[in-house]
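I have placed the structure first, in the form of structure tokens, so that the comments after it can refer back to it.
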Amino acid sequence: MNNKMELTFKVIIVGPSAVGKTSLLNRFVHNQFALKYKLTIGVDFLTKTVEYQPSKSVKLHIWDIGGQERFKFLHRSFYEGASGALIAFDLSRQHTFSSMKNWLSEMRSIMTNEIPKVIIGNKTDLIPEIGQIIDRSAVEQYAKNEDCFYVETSAKTGENVEKAFLELTQRIVKKVG
Ligand code: GDP
Ligand code: MG
């Protein structure tokens, strides 16, 4: 039953610029996608109820950060109180993978508590066109070492987007319950 007692969790999405963080949120929350790039300024957030088990749901407050260095001063309050994190990179741009690792270590240095994390390799729809640029087994190994779940998504087609959020929600619920 959906009632007003529904638990709410803060979830954050981080990663380098233009990897598709805002697009993943728009796909997940509004089931929409736009190819036009609109820079996220500062911090934005969206809310969505997730049914993590039949007839069991929680509410997610998903915070979206601008990837720009100049917003670094916001990071501390951005991370504060987060119950889970999505860390995204772009499967079509090699350097976003190493940059994503920096985001993860920054998060670890700021947050004192361990929270469930999902690493997202986004833009799978481009792989048939451009080929596989990033070594998938290296990403999987990295995710395993960091105790993160790894999923490859496309905000454009919607592939695995629900899965990424559902997996994170299930891990959060498991941790608190
Ligand atoms: P952010 O800076 O990480 O929030 O990235 P955006 O969500 O603004 O997306 C950056 C650009 O990548 C935009 O032009 C999007 O349309 C595009 N984009 C995002 N996700 C995908 C995807 O899954 N596939 C493709 N082909 N383009 C994407
Ligand atoms: Mg954005």
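Here the structure is a predicted model, which means the values were calculated and not measured. Order of appearance sets the numbers: ligands from 1, and atoms from 1 within every ligand. Scope of the values below: all heavy atoms of this structure, side chains included, with no hydrogens, waters or symmetry mates.
Here V19 has heavy atoms under 4.0 Å from ligand 1 in both its backbone and its side chain. When heavy-atom distances to ligand 1 are checked against a 4.0 Å cut-off, L126 comes that close only through its side chain, counted from C-beta outward. At a 4.0 Å heavy-atom cut-off, ligand 1 touches N122 through the side chain alone.
Classification of R108 and E114 as a salt-bridged pair holds, one side-chain N sitting under 4.0 Å from a carboxylate O.
Between D64 and ligand 1, not a single N/O pair is under 3.5 Å apart. In terms of N/O distances under 3.5 Å, ligand 1 is not approached by S17.
For the Mg ion (ligand 2), the N/O/S atoms of T22 include one lying under 2.8 Å.
When the options E152, R27, K123, K21 are ranked by their closest heavy atom to atom 3 (O) of ligand 1, first place goes to K21. When S23, A155, G15, G20 are checked for heavy-atom proximity to atom 5 (O) of ligand 1, G20 turns out nearest.
Using a 4.0 Å cut-off to heavy atoms of A34, the atoms of ligand 1 that qualify are 15 (C), 16 (O). Here is the list of ligand 1 atoms found below 4.0 Å of a heavy atom in F33: 16 (O), 18 (N), 19 (C), 20 (N), 21 (C), 27 (N), 28 (C).
Using a 30° and 60° split on the angle between ring planes, Y142 and F97 fall in the perpendicular class, above 60°. Classified by interplanar angle (parallel below 30°, tilted 30° to 60°, perpendicular above 60°), the ring pair F165/F28 is parallel.
Panel note: side chain R93, backbone A18; a donor-acceptor pair is recorded below 3.5 Å.
Put simply, the side chain of N26 does not reach to within 4.5 Å of the side chain of F33, judged on heavy atoms.
Of the listed residues (V151, L86, T153), just one forms a side chain to side chain contact (heavy atoms under 4.5 Å, CB included) with N122, and that residue is T153.
Remark: the D125 side chain and the S154 side chain contain an N/O donor-acceptor pair separated by less than 3.5 Å.
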